[in-house]
Engineer: 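The structure follows.
Just so we're clear, the structure is a prediction, and the values are computed from it rather than from any experiment.
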Amino acid sequence: MKHTLLLLLAAIVTFPVASAERGPGPILVEMVEFAFHPATIRVRVGQSVTLRFVNRGQIAHQFVADFMRTVPVIANDSMMRVEVPGLDSLRLQPGESATLQFVPRRRGRFQFACTIEGHQEAGMRGVLDIY
Ligand SMILES: [Cu+2]
């Protein structure tokens, strides 16, 4: 009897953990002149991550990270969904939004930036903190 109860408890405890591994909801990342909000994005290694980028600025911005070139990514915007073995850049016009979904496979702090001329220098950069 005692044994059965323990097994039941184990099952109850296991389910929330399993669903947590699918990852939390999208993380909103806003782009403006000249910053990403938030500038530090913390995500868990091995857990699916969805970053939702919204350009709230008056000009185009883009998200570029060396790290993203090394992981398979599912990119979505209002028009289409693509799966790529790595992503060079995500460029958004004012008012546009898109999501990037991926599973970070190694821990570390990885820089990202908007590489449109002058933007990074003006402060439009950040860190993807994978822990
Ligand atoms: Cu920019």
Engineer: Within the distance-only criterion (no hydrogens, no angle test), does the side chain of Glu96 pair as donor or acceptor with the backbone N or O of Gln93 below 3.5 angstrom?
Structural biologist: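 Checking the backbone N and O of Gln93 against the side chain of Glu96, a donor-acceptor pair under 3.5 Å is found.
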Engineer: Flag the pair Thr70 / Arg106 as yes when at least one side-chain heavy-atom distance between them is below 4.5 Å, and no otherwise.
Structural biologist: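 Heavy-atom side-chain distance check passes, below 4.5 Å.
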Engineer: Would you indicate whether the side-chain heavy atoms of Leu92 and Met31 approach each other to under 4.5 Å?
Structural biologist: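 The answer is yes, as the side chains (C-beta and beyond) meet within the 4.5 Å cut-off.
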Engineer: Mind listing the closest non-hydrogen atom pair of Ser97 and Val54 along with its distance?
Structural biologist: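 Residues Ser97 and Val54, closest heavy atoms: CB-CG2, 3.8 Å.
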Engineer: Kindly determine whether Ile41 and Val29 satisfy side-chain contact (heavy atoms from CB on, under 4.5 Å), including the steps that lead there.
Structural biologist: CA-CA 8 Å; Ile41 303 169; Val29 183; 3.6 Å; yes
Engineer: Would Asp66 and Phe110 count as a side-chain contact (heavy atoms from CB on, under 4.5 Å) if you check the C-alpha gap in whole Å, the side-chain angles of each, and the deciding distance to 0.1 Å?
Structural biologist: CA-CA 8 Å; Asp66 286 341; Phe110 304 93; over 6 Å; no
Engineer: Does a donor on one side chain sit under 3.5 Å from an acceptor on the other, for Gln120 and Thr115?
Structural biologist: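 The criterion, which ignores hydrogens and geometry beyond distance, is not satisfied for Thr115 and Gln120.
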Engineer: Answer whether the closest heavy-atom distance between the side chains of Met68 and Val73 falls below 4.5 Å.
Structural biologist: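 The answer is yes; the side chains approach within 4.5 Å.
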Engineer: Could you give the distance from CD (Glu33) to CZ (Arg56), rounded to the nearest 0.5 Å?
Structural biologist: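 Atom-to-atom, Glu33:CD and Arg56:CZ are 13.0 Å apart.
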Engineer: Heavy-atom distance under 4.5 Å between the side chains of Val32 and His37, does that happen here?
Structural biologist: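 Yes, at least one pair of side-chain atoms sits under 4.5 Å.
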Engineer: According to the interplanar angle, ranging from 0 to 90°, do the rings of His119 and Phe34 count as parallel (below 30°), tilted (30 to 60°) or perpendicular (above 60°)?
Structural biologist: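 The rings of His119 and Phe34 stand perpendicular, inter-plane angle above 60°.
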Engineer: Determine whether Arg69 and Val64 make a side-chain contact, defined as any pair of heavy atoms from C-beta on separated by less than 4.5 Å.
Structural biologist: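 When only atoms from C-beta onward are counted, Val64 and Arg69 do touch, with a gap below 4.5 Å.
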Engineer: Spell out, as yes or no, whether a donor-acceptor pair under 3.5 Å connects the side chain of Asp77 to the backbone of Arg81.
Structural biologist: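 No: the side chain of Asp77 does not pair with the backbone of Arg81.
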Engineer: Within this structure, what is the CG-OG1 distance for the pair Asp129 and Thr40, rounded to the nearest 0.5 Å?
Structural biologist: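 Reported value, rounded in 0.5 Å steps: 7.0 Å.
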Engineer: Linking I/L/V/M/F/W/Y whenever any side-chain heavy atoms sit under 4.5 Å apart, do Val71 and Leu128 land together?
Structural biologist: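 In one cluster: yes.
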Engineer: Determine whether more than 12 heavy atoms belonging to other residues, nucleotides or ligands lie under 6.0 Å from atom CD of Glu117.
Structural biologist: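 At most 12 heavy atoms, drawn from other residues, nucleotides or ligands, come within 6.0 Å of this atom.
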Engineer: If I take atom CZ from residue Arg42 and atom CZ from residue Arg109, how far apart are they, to the nearest 0.5 angstrom?
Structural biologist: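 With rounding to 0.5 Å, CZ (Arg42) is 8.5 Å from CZ (Arg109).
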Engineer: Would Phe63 and Ile59 show up in the same hydrophobic cluster when neighbours are defined by side-chain heavy atoms closer than 4.5 Å?
Structural biologist: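 Yes, Phe63 connects to Ile59 through the hydrophobic network.
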Engineer: To check you understand the geometry: which heavy-atom pair defines the closest contact between Pro94 and Gly57, and what is its length?
Structural biologist: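 Nearest pair, atom of Pro94 first, then Gly57: CB-O, 3.4 Å.
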Engineer: Does any non-hydrogen side-chain atom of Tyr131 lie less than 4.5 Å from one of Val45?
Structural biologist: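 Counting from C-beta outward, Val45 and Tyr131 never come under 4.5 Å.
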Engineer: Using side-chain contact (heavy atoms from CB on, under 4.5 Å), reason through Leu100 and Leu90 one step at a time and then give a plain yes or no.
Structural biologist: CA-CA 9 Å; Leu100 300 180; Leu90 174 71; 4.2 Å; yes
Engineer: What are the two closest non-hydrogen atoms of Pro38 and Phe112, and how far apart are they?
Structural biologist: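 Looks like O-CZ, 4.5 Å.
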Engineer: I need the minimum non-hydrogen distance between His61 and Ile116, along with the two atoms involved.
Structural biologist: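 For His61 versus Ile116, the nearest heavy atoms are CA-CD1, 3.8 Å.
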Engineer: Report yes if some heavy atom in the side chain of Gln101 is under 4.5 Å from a heavy atom in the side chain of Ser48; otherwise report no.
Structural biologist: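 Of all side-chain heavy-atom pairs linking Ser48 with Gln101, at least one is under 4.5 Å.
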Engineer: Using the rule given for side-chain contact (heavy atoms from CB on, under 4.5 Å), can you reason through Phe102 versus Leu51, listing the C-alpha separation, both sets of side-chain angles and the distance that settles it, and then say yes or no?
Structural biologist: CA-CA 9 Å; Phe102 60 97; Leu51 302 180; 3.9 Å; yes
Engineer: For the residue pair Val43 and Pro104, what are the closest heavy atoms and their distance?
Structural biologist: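 Here Val43 and Pro104 meet closest at CG2-CG, 4.0 Å.
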Engineer: Within 45 degrees of the ring normal and closer than 6.0 Å to the centroid, is that where the cationic atom of Arg125 sits relative to Phe36?
Structural biologist: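 Verdict for Phe36: no cation-pi partner in Arg125.
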Engineer: If you look at every heavy atom in Ile27 and Val49, which pair is closest and at what distance?
Structural biologist: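 Minimum heavy-atom contact is CD1-CG1, 4.5 Å.
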